[in-house]
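Take a look at the structure below.
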Amino acid sequence: MDERKLLELAGGPVTHGRLVRELRALGLGEGDVVMFHTRLSALGFVPGGPRTVIAALAETVGGRGTLMAPAGWNDAPPYDLADWPEEWREAARDGWPPYDPALSEADHNNGRLPEALRHESGAVRGRHPDASFVALGAAAAELMADQPWDHPHGPDSPLARLVAAGGRVLLLGAPLDTLTLLHHAEALAEAPGKRYVDYEQPVLVGGERVWRRFRDIDTEDGAFDYTPVVPAGEWPFTVIAREMLAAGIGVRGTVGAAECHLFEARDVVRSGVRWIEAKLGGGAC
């Protein structure tokens, strides 16, 4: 979409000042610890792009607040690397650079904002290669410190710490299926058939590259088989989020041209766990 269409979409440029005003009207405020997901193009034309959005978010939460975003690793080895033909697998392993929190690019599937956030002065990136997060602000170091190598979406993960800190989740033009915090609900929920992945990725240990083995819930194909309880073609997180909104959990609003949602992290996890356990037979694990 060209600049003119983006301008028309939002009735003019979506400036820093406009973002701050509309974020505050949505309910984001001073001192908030907020994980955000953004679809930049949905906002309209933002002069300055990602850095403008980050600056506006930072001003809205203020010096006592913290911004957080899922980062991941764009060039991470795939989960099925072990299944490649041996010659290809070994060639790839020999030449694969290790994950480096300071240098490794954020996953492009998370949009432009996480990559921009990790370049901000004072930003802190998590140590986990596949499930890294990035944060900026007063609680950044606390949120990112010593993320568990295994089960990085579970207890003591950055997501768990976001909940413990009374944090919030902002979908800034991003669709409901991007509600990453529901992976934490999946990790906590007790229901039969929970699916896990075991995989290897290279990390730095004492300055040396080491291939390390990891275990996590399956965040790629789903931690559970949701097909019996979710309509065909829909992602379960969308269904859960819609039901939360219908129950009065979370608020809707508009920032720029985008429909946006703001949730309390505790409510998301509590609702997600209850939904999974109720729909999939909780307590049978």
- Identify whether the distance between the nearest side-chain nitrogen and carboxylate oxygen of Arg89 and Glu200 falls below 4.0 Å. no
- Query: Quick check: does any side chain N or O of Asp32 sit under 3.5 Å from a backbone N or O of Gly65, one acting as donor and the other as acceptor?
  - Reply: no
- Task: Determine the minimum heavy-atom distance between Leu40 and Pro50, stating which atoms define it.
- Result: CD2-CD, 3.8 Å
- Query: Do Phe263 and Arg168 come close enough that some side-chain heavy atom pair is under 4.5 Å?
  - Reply: no
- Message: Please report the interatomic distance CG(Leu26) to CG(Leu19), rounded to the nearest 0.5 Å.
- Response: 11.5 Å
- Item | Test: Arg112 and Glu115 ion pair at under 4.0 Å | no
- Query: What about the rings of His183 and Phe237, do their centers lie closer together than 6.0 Å?
  - Reply: yes
- Heavy-atom check, side chain of Ser132 versus side chain of Tyr99, under 4.5 Å: yes
- Item | Common cluster, Leu176/Val251, ILVMFWY with side-chain heavy-atom separation under 4.5 Å | no
- Message: Taking Leu204 as the starting point, is it possible to reach Trp73 by hopping between hydrophobic residues whose side chains are less than 4.5 Å apart?
- Response: no
- Task: Quick one: closest heavy-atom pair of Leu245 and His261, and the distance?
- Result: CD1-CD2, 3.6 Å
- Residues Tyr79 and Asp218: side-chain donor-acceptor under 3.5 angstrom: no
- Message: Nearest 0.5 Å, please: how far is CG in Asn109 from CG in Asn74?
- Response: 7.5 Å
- Message: Using the rule that Ile, Leu, Val, Met, Phe, Trp and Tyr join whenever any side-chain heavy atoms are under 4.5 Å apart, tell me whether Met68 and Leu113 fall into a single cluster.
- Response: no
- Message: Just verifying a value: how many Å separate Ile276 CD1 and Glu186 CD, rounded to the nearest 0.5 Å?
- Response: 5.0 Å
- Query: Between Trp96 and Trp84, how do the two ring planes meet: parallel, tilted or perpendicular, split at 30° and 60°?
  - Reply: tilted
- Query: Relative to each other, are the rings of Tyr226 and Trp275 parallel, tilted or perpendicular (30° and 60° limits)?
  - Reply: tilted
- Query: Which residue, Pro78, Pro129, Pro98, forms the side-chain contact (heavy atoms from CB on, under 4.5 Å) with Gln201?
  - Reply: Pro129
- Query: Going from OG1 on Thr219 to NE2 on His153, what distance comes out if it is rounded to the nearest 0.5 angstrom?
  - Reply: 5.0 Å
- Would you kindly confirm whether Met35 and Leu136 end up in one hydrophobic cluster when ILVMFWY residues are joined by side chain heavy atoms under 4.5 Å apart? no
- Can a salt bridge be assigned to the pair Asp2 and Lys5 using a cut-off of 4.0 Å between side-chain N and carboxylate O? no
- Item | Check ion pair Glu120-Arg51 (N to O, under 4.0 angstrom) | yes
- From Ile240 atom CD1 to Arg274 atom CZ, the distance as rounded to the nearest 0.5 Å: 13.5 Å
- In short, Gln147 meets His128 closest at the heavy-atom pair OE1-CB, 3.2 Å
- Closest heavy-atom pair and its distance - Pro70, Phe36: CD-O, 3.8 Å
- Item | Interatomic spacing from OG1 in Thr60 to CG in Leu23 - rounded to 0.5 Å | 4.5 Å
- Neighbour count >12 (heavy atoms, 6.0 Å) for atom CZ, Arg213: yes
- Task: Of all the heavy-atom pairs spanning Val134 and Ala123, show the shortest one and how long it is.
- Result: CG2-CB, 4.3 Å
- Would you indicate whether Glu142, at its atom CD, is surrounded by more than 12 heavy atoms from other residues, nucleotides or ligands within a distance under 6.0 Å? no
- Tell me whether Leu179 is reachable from Leu143 by hopping between hydrophobic residues (I, L, V, M, F, W, Y) whose side-chain heavy atoms are closer than 4.5 Å. yes
- Message: With a 6.0 Å cut-off (strictly less than), is the heavy-atom count around CZ of Arg209, excluding the residue itself, greater than 12?
- Response: yes
- Message: Using every non-hydrogen atom in the two residues, find where Leu81 and Ala92 come nearest and quote the distance to one decimal.
- Response: CD1-CB, 4.4 Å
